[in-house]
Structures are given as C-alpha cells and as structure tokens.
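This one's a predicted model, so the numbers in the text were calculated from it and none came from an experiment.
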Amino acid sequence: MNFSKKLINWYSVNKRDLPWRKTQNPYFIWLSEIILQQTQVKQGWPYYSKFTANYPTVFDLAAAKEEDVLNLWQGLGYYSRARNLHASAKYIVNELDGIFPNTYKEIKKLKGVGDYTASAIASICFNEPTAVVDGNVYRVLSRVFGIETPINSTLGIKEFKTLAQKLVDVKQPATFNQAIMDFGSQVCKPKQPLCETCIFNSTCLAFNLNKVSALPVKLNKTKITEKYFNFIVFLVDGDLTLIEKRTKKGIWQNLYQFPLIESKKELTLMEITKRVKVQFELSQLEIRLFNKDVITHKLSHQHLKTKFWVVSTSNLTANTTKIKDLNNYPVPVLIQNFINDFNF
DNA sequence: AAACCGGGGTT
DNA sequence: AACCCAGGTTT
C-alpha cells in the first residue's frame, strides 16, 4: 500500500474531532486556519469559538471595528493576523460581494494568506488538489523519506512542496492534507514520537537509520535582544488612568499600553521621575515601583525587562481613561497581567 | 536570504 | 535558564 493510502486509513480511525472539521464553509475554515498559524490547536480552539460566535458571517467581521477584533484576538499573539483578517473580510465584502474566492490563486491574494493557508482552504473547501506544507508535514516527510535538506532553506521549501504535491491524493486532497497534519501532531511528534507503533516504521528512513531526533534539519539561531520597558501607570483622582495606542510598526501594533519609557539600560527612580515630570509637565508627583523584581516578558526575538511605575497625581492635562473601561481596549499579555495583578 | 512578529510549553 | 513549537510579511 502506498504512502497516501496508509495515511488516509490511519486518519479514518484516528482523526481528531475539531469544531472546524464539521464544516466546509470557507469563511469558517479561513478563520480556523489564520488562528492556527504558529499556534497549537489547544491554544487556538477558544478563539475559534469566540470569533464564530461574535462574527458568524464575513459580513459581521467586515462591519466590526478593528479595535473590537483585536480585543477578541488579545492574548493569541502575532497581532498582524487579526489586522489582516479584518482587512481581508472588508475586501471580500466590498470587492467580492461577500463571495469567498474559490481557487488557490485567488485565495492567496487575501492579506495574511500564504502558500500553506491558501492550499488548506482550497483543498478543504473546494477540493482543489494543492498539498499543504506546514511544520507537521516537514517533520513527517523529512523522517519517512530521510530528507536532510534544511526545511527553512529556499531549496528545502521547494523540495518539500514538490514531494507533498506528488503524494497528495488528487481524489481527496482535503482528507490527505488533514491526515498528514494530524499524523504529524499525534504520532510523528517533535519530541518522543510514537515510532514503535507507527504505521510507517518498517520503511521510515529516519527510524531505520536512527535519525529520528535529527530530523527535520533546520538552520536557525535567532538572536535575542534585551530592552528595558518602564510603564508609567497614572492614578488620577482614584478612578482615572492614562493609556496610549501603539501606532508605529513593530510589536503590538494598534494595541494599547500605559505610557512607556523605553531604554537600552536600566533606569533609576531619579531618572524615571525626571522624565515623567518633563514629559507630562508635572511639578511634583508621588511615584512608586510596583514590581520589586523586574518582569522579563519573553518574545521570540526580544526580552523585555519591565517595570511598572505607579504615579499618583491630580493635575494631569492629558486625556485620561476611566480605569473601569480599561478592558475595552486590546492590550498585550504583559499589560493584561499587570492589570490583573495590580487590582486597581 | 534574513529579520521581524507573541505567546505557551517542556526540560 | 535554555530549549522547543509554528506561517506570513517585510527588509
């Protein structure tokens, strides 16, 4: 029996029961695929439930305010996904009369949709035989076929896509694509894969050559930079504070935060006090450090060493926000954790 | 081709 | 603390 047949047989018995597997509605499949980019099923699941409940159709999503979409996305990370999702919903409604594009080529034109996502939607919703290549597929194919080309090299990307495209069952691409991904996540796992009971273990090159833990090959090494973040948490007359929107490109674009003083080195109480006085035109103020120990918020490529400075004042000229309204604004997890811990 | 973009998990 | 996981866009 060939690779695809064995895989599909495995899937028919072992497939997971996931909410987005009950539908072929391209809007729902698109939502699920964007949410699941760089995200485990367990983490994405509640967000899929929230989004389908709040925005049951593409028209509802298109009509929403970006801020509300980001608020619902809060905590999931990679926020450009939410911004692109919203922009594409508006594009589908305004330019395509609300009709979801139905070919790989047209689907890929949506913002935030690349090769993987376009292949997934085209195959699952429209039966187009385009093979998906996600992290699971790289792992399964590199091991079973013993391919050592780095999966994040230009050559590797082409090589694995070609192989997957050769293997895909053109009669049932949706089943094949979901089968290989499910197999990768449940059997051919990154750590402690289930080789002893694997359906491919008699032919799998990695298993038989004892190379399972060495595959797939990935060249990497992202260097991590360190920054100091000082958030200024104003308390004005007990019930007001000050927040600002991050409008510039970079992390957390269009999310909100307390006014931020960023630096390459750690700043002292004196330096913070002075900068707050100058920036906010305050002659005198009461300031205290909330977290005795610095909070290190770890992103994939930077570590943010964070302090929250609580400043009590009554004569702030800037536009304040009611503390009880804080949860109307999308904020990074770092800020949400503070709001929860501080207990205003 | 390399850097950027979040957050959660395991060892 | 050091490692791992996982697509798309921008530079």
Side-chain angles (χ1 to χ4, degrees), chain A residues 29-47 70 72-88 104 107-121 130-140 142 149-158 160-161 164 177 180-182 184-186 188-193 212-227 229 246 248-255 257 293-306 330-337:
Chain A
I29 298 298
W30 171 55
L31 263 181
S32 73
E33 292 297 345
I34 300 297
I35 287 171
L36 292 173
Q37 287 171 2
Q38 302 294 103
T39 303
Q40 315 263 356
V41 165
K42 186 184 171 200
Q43 194 191 359
W45 191 318
Y47 287 83
L70 283 171
L72 214 56
W73 196 272
Q74 179 178 313
L76 199 54
Y78 288 121
Y79 296 92
S80 66
R81 291 184 292 169
R83 299 193 305 269
N84 287 334
L85 186 76
H86 185 229
S88 292
Y104 168 88
I107 295 166
K108 198 163 178 292
K109 289 179 181 170
L110 302 175
K111 281 187 183 175
V113 173
D115 183 73
Y116 162 77
T117 307
S119 300
I121 299 172
T130 58
V132 296
V133 184
D134 74 340
N136 294 302
V137 177
Y138 280 123
R139 200 165 51 249
V140 172
S142 68
T149 316
I151 62 172
N152 53 347
S153 65
T154 306
L155 179 62
I157 292 167
K158 282 179 62 178
F160 282 95
K161 178 76 183 183
N177 279 338
I180 191 168
M181 292 190 286
D182 243 23
S185 68
Q186 295 186 73
C188 198
K189 300 184 288 185
K191 297 283 185 61
Q192 297 160 14
V212 173
S213 63
L215 291 172
V217 175
K218 200 186 306 185
L219 0 127
N220 220 341
K221 304 302 175 270
T222 53
K223 56 174 181 294
I224 291 173
T225 60
E226 216 167 63
K227 286 178 181 170
F229 271 21
R246 295 180 63 96
K248 292 204 288 285
K249 275 189 184 299
I251 59 167
W252 303 329
Q253 191 185 357
N254 292 2
L255 272 64
Q257 65 184 13
D293 300 319
V294 69
I295 297 167
T296 305
H297 190 72
K298 293 171 178 176
L299 308 183
S300 48
H301 60 297
Q302 39 184 325
H303 286 185
L304 309 176
K305 310 192 86 160
T306 307
V331 297
V333 164
L334 175 61
I335 299 293
Q336 187 63 54
N337 287 345

Quiz item: How would you list, by chain and number, every residue that makes a salt bridge (charged side-chain N to carboxylate O under 4.0 Å, His left out) with A:Lys227, sequence neighbours excluded?
Solution: A:Glu262
Quiz prompt | Value in whole Å for how far the C1' atom of C:dG7 lies from CG of A:Asn152 | solution = 13 Å
Practice problem: Specify the separation, in whole Å, of atom CD1 of A:Ile224 and atom P of C:dC4. | Solution: 11 Å
Quiz item: Which part of the nucleic acid, if any, lies within reach of A:Arg83 when heavy atoms closer than 4.0 Å are counted: base, sugar-phosphate only, or nothing?
Solution: nothing
Quiz item: Between A:Leu155 and A:Gln302, who's closer to the 5' end of DNA chain B by nearest nucleotide?
Solution: A:Leu155
Quiz prompt | Nearest-Å distance for atom pair CD1/P, residues A:Ile157 and C:dG8 | solution = 11 Å
Quiz item: C:dG7 P sits how many Å from A:Leu36 CG, rounded?
Solution: 9 Å
Exercise. Flag the pair A:Trp30 / A:Ile107 as yes when at least one side-chain heavy-atom distance between them is below 4.5 Å, and no otherwise.
Key: no
Quiz item: What is the distance from CZ of A:Arg139 to P of C:dC4, rounded to the nearest Å?
Solution: 13 Å
Exercise. Could you state the atom-to-atom distance from CD of A:Glu226 to P of C:dA1 in whole Å?
Key: 11 Å
Quiz item: So does A:His301 get a side-chain nitrogen or oxygen closer than 4.0 Å to the phosphate oxygens (OP1/OP2) of B:dC5?
Solution: yes
Quiz item: What residues, two or more places apart in sequence or in another chain, satisfy side-chain contact (heavy atoms from CB on, under 4.5 Å) together with A:Leu36?
Solution: A:Trp20, A:Val41
Exercise. Look at all strands and tell whether A:Thr117 reaches a base, only sugar-phosphate, or nothing, counting heavy atoms closer than 4.0 Å.
Key: sugar-phosphate
Practice problem: Report the distance from atom CD1 of A:Ile121 to atom C1' of C:dG7, rounded to the nearest whole Å. | Solution: 13 Å
Pairs under 3.5 Å (N/O, protein and nucleotides 7-11 of chain B):
from	atom 1	to	atom 2	distance (Å)
B:dG7	OP1	A:Tyr79	OH	2.7
B:dG7	OP1	A:Val333	N	3.4
B:dG7	OP2	A:Trp252	NE1	3.3
B:dG7	OP2	A:His297	NE2	3.1
B:dG7	O3'	A:Gly75	O	3.2

Exercise. With sequence neighbours left out, write down each residue that passes side-chain contact (heavy atoms from CB on, under 4.5 Å) with A:Asn152, or none if nothing qualifies.
Key: A:Pro150, A:Lys218, A:Leu219, A:Asn220
Pick out the pairs of N or O atoms, protein on one side and nucleotides 9-11 of chain C on the other, that lie under 3.5 Å.
from	atom 1	to	atom 2	distance (Å)
C:dT9	OP1	A:Gly112	N	2.9

Self-check item: Pairing residues for A:Glu226 by the side-chain contact (heavy atoms from CB on, under 4.5 Å) criterion, not counting sequence neighbours
Solution: A:Tyr228, A:His303, A:Lys305
Quiz item: side-chain contact (heavy atoms from CB on, under 4.5 Å) with A:Lys108: which residues, sequence neighbours excluded?
Solution: A:Tyr104, A:Asp115, A:Ala118
Self-check item: Spacing between A:Leu70 atom CG and B:dC5 atom C1', to the nearest angstrom
Solution: 14 Å
Quiz item: Once the angle between the rings of A:Trp252 and A:Phe229 is folded into 0 to 90°, is it parallel (under 30°), tilted (30 to 60°) or perpendicular (over 60°)?
Solution: perpendicular
Output a table of donor-acceptor pairs, distance under 3.5 Å, between side-chain atoms of residues 73-80 of chain A and any protein atom two or more places apart or on a different chain; print 'none' if there are none.
from	atom 1	to	atom 2	distance (Å)
A:Trp73	NE1	A:Gly77	O	2.9
A:Gln74	OE1	A:Val331	N	3.0
A:Gln74	NE2	A:Gln336	OE1	2.8
A:Tyr79	OH	A:Gly75	N	3.1

Quiz item: By side-chain hydrogen bond (donor to acceptor under 3.5 Å, both in side chains), which residues pair with A:Gln38, not counting sequence neighbours?
Solution: none
